[in-house]
Amino acid sequence: MSSNQSTPTREVARRVFATEFNDATFTFKESDDERAPLYSLLPTGEKSNRVFLVGTLTETEDVGEDSEYWRGRVVDPTGTFFVYAGQYQPDAASALRDLETPTYVAIVGKPRTYETEDGTVNVSVRPESITEVDTATRDRWVVETAERTLDRIDEFEDEGNEYARRAEEEYDLPLRRYKQAAIDALESLDETDEEVAEPA
């Protein structure tokens, strides 16, 4: 067995705003291997096995019945991420248990989809790590995520972009929705700066 197979490379964690993440309801594998990673298809034409998000942790709740199972609500300038961590994510679960709200957090995790009885697909994050961060880190994430989102939109029409073509098939969603979300997110930073700058 070659060393390549024994140490799988970790997928790049994609930066994505809540608006787009919550629309990414289609998942797929690229091989029949049962250990093959499950990808979420972002509507802007990128596959994602891991995501990196930063936002305000606004509430946490133990929603488990027999054992602890924590749900966190994390808000970015475009919407809300829901994060779930239980016994298999002990560090993330203890972070959700111990962190005060509201506070800024950085989360790396895997997208998860869940179909409700009425056929609605809900998207959430299963966190690998949850870290408390400062305002500067949050602001930098917003800027970089806006840039990545706009880059994906720019590359959407490239002929060789197979994930963009797949997104066109799976989603009937206008790209301007995500472009506007990125612009709104950047403008929200300007508003925050102005609030800070204004004398009391």
Step-by-step side-chain contact (heavy atoms from CB on, under 4.5 Å) determination, Val16 to Leu42: CA-CA 9 Å; Val16 59; Leu42 299 179; 4.1 Å; yes
When you look at Tyr171 and Phe26, which way does the ring pair (Phe, Tyr, Trp, His ring centres under 6.0 Å) test go after all the steps? CA-CA 8 Å; Tyr171 303 119; Phe26 178 75; 7.0 Å; no
Begin with the C-alpha distance, continue with both residues' side-chain angles, and end with the deciding distance and a verdict on ring pair (Phe, Tyr, Trp, His ring centres under 6.0 Å) for Trp141 and Phe17. CA-CA 10 Å; Trp141 177 85; Phe17 286 122; 5.4 Å; yes
One pair to check against side-chain contact (heavy atoms from CB on, under 4.5 Å): Leu175 and Lys179. What are the steps and the verdict? CA-CA 6 Å; Leu175 288 179; Lys179 185 171 189 174; over 6 Å; no
Under the side-chain contact (heavy atoms from CB on, under 4.5 Å) rule, what do Arg73 and Phe82 come out as? Steps first, then yes or no, please. CA-CA 5 Å; Arg73 183 185 173 105; Phe82 285 97; 3.6 Å; yes
For the pair Asn49 and Lys110, evaluate side-chain contact (heavy atoms from CB on, under 4.5 Å) and give the outcome as yes or no after the intermediate values. CA-CA 6 Å; Asn49 171 251; Lys110 291 185 177 291; 2.9 Å; yes
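Looking only at atom types and distance, the side chain of Thr101 has no donor-acceptor partner in the side chain of Glu59 under 3.5 Å away. Checking Asp33 against Ser31 by side-chain atom types alone, no donor-acceptor pair falls below 3.5 Å. Using a 3.5 Å distance cut-off with no hydrogens or angles, the side chains of Thr44 and Arg152 do pair a donor with an acceptor.
Asp62 approaches Ser67 most closely through the heavy-atom pair OD1-O, 4.3 Å. Here the shortest heavy-atom pairing between Pro127 and Ala92 reads CG-CB, 3.6 Å. Minimum interatomic distance between Val142 and Leu189 (heavy atoms only, all atoms of both residues): CG1-CD1, 3.7 Å. Nearest heavy atoms, Ala93 versus Gly86: CB-O, 3.8 Å. Pro102 and Thr56 make their closest contact through CB-CG2, 3.7 Å (heavy atoms, listed as atom of the first residue, atom of the second, distance). Heavy atoms only, all atoms of each residue included: Ala24 and Val123 are closest at O-CG2, 3.7 Å.
Side chain of Asn22 to backbone of Thr80: a donor-acceptor contact under 3.5 angstrom is found. Ser94 places a side-chain N or O within donor-acceptor distance of the main-chain N or O of Pro90, the cut-off being under 3.5 Å. With hydrogens and angles disregarded, no donor-acceptor distance shorter than 3.5 Å links the side chain of Arg14 to the backbone of Arg50. For Asn161 (side chain) and Ala164 (main-chain N/O), a donor-acceptor pair under 3.5 Å exists by modelled atom type.
Linking ILVMFWY residues whenever their side-chain heavy atoms come closer than 4.5 Å, directly or via other members, leaves Val51 and Leu38 in distinct clusters. Under a hydrophobic clustering in which Ile, Leu, Val, Met, Phe, Trp and Tyr are joined whenever their side-chain heavy atoms come within less than 4.5 Å, directly or via other members, Leu186 and Phe21 fall into the same cluster.
For the atom pair CZ (Arg71) and CG (Leu96), the distance works out to 11.0 Å, reported to the nearest 0.5 Å. Taking CD of Gln89 as the reference point, atom CD1 of Ile130 lies at 9.5 Å (rounded to 0.5 Å). Rounded to the nearest 0.5 angstrom, Glu147 CD and Asp154 CG are separated by 11.5 Å. Rounding to the nearest 0.5 Å gives a distance of 13.5 Å between NZ of Lys29 and NZ of Lys47. From Thr131, atom OG1 reaches atom CG of Leu99 across 9.0 Å, with rounding to the nearest 0.5 Å. Within the model, atoms CH2 of Trp70 and CD of Glu68 stand 6.0 Å from one another, a figure rounded to the nearest 0.5 Å.
No more than 12 heavy atoms of other residues, nucleotides or ligands sit less than 6.0 Å from atom CG of Asp172. Counting non-hydrogen atoms of neighbouring residues, nucleotides and ligands closer than 6.0 angstrom, the CG atom of Asp118 exceeds 12 such neighbours.
Side-chain contact between Asp76 and Phe81 is present, with heavy atoms from C-beta onward closer than 4.5 Å. Using a 4.5 Å cut-off on side-chain heavy atoms (C-beta onward), Leu41 and Tyr163 make contact. Between Ile107 and Val74, some side-chain heavy-atom pair lies under the 4.5 Å cut-off. At least one side-chain heavy atom of Tyr104 sits less than 4.5 Å from a side-chain heavy atom of Thr135. Under the 4.5 Å side-chain criterion, counting only non-hydrogen atoms from C-beta, Val54 is not in contact with Val105. Here the side chains of Ser124 and Tyr114 are not in contact, with every heavy-atom distance at 4.5 Å or above.
In this structure, Arg165 is positioned above the aromatic face of Phe156, its NZ or CZ under 6.0 Å from the six-membered ring centre and within 45° of the axis.
For the salt bridge (charged side-chain N to carboxylate O under 4.0 Å, His left out) with Arg15, the qualifying choice from Glu46, Glu144, Glu20 is Glu144, the only one to do so. Each of Thr19, Asp23, Thr78, Thr149 was evaluated against Tyr178; a single residue qualifies, Asp23, per the side-chain hydrogen bond (donor to acceptor under 3.5 Å, both in side chains) test.
Take Tyr39 and apply the ring pair (Phe, Tyr, Trp, His ring centres under 6.0 Å) test, not counting sequence neighbours, and it matches Phe28.
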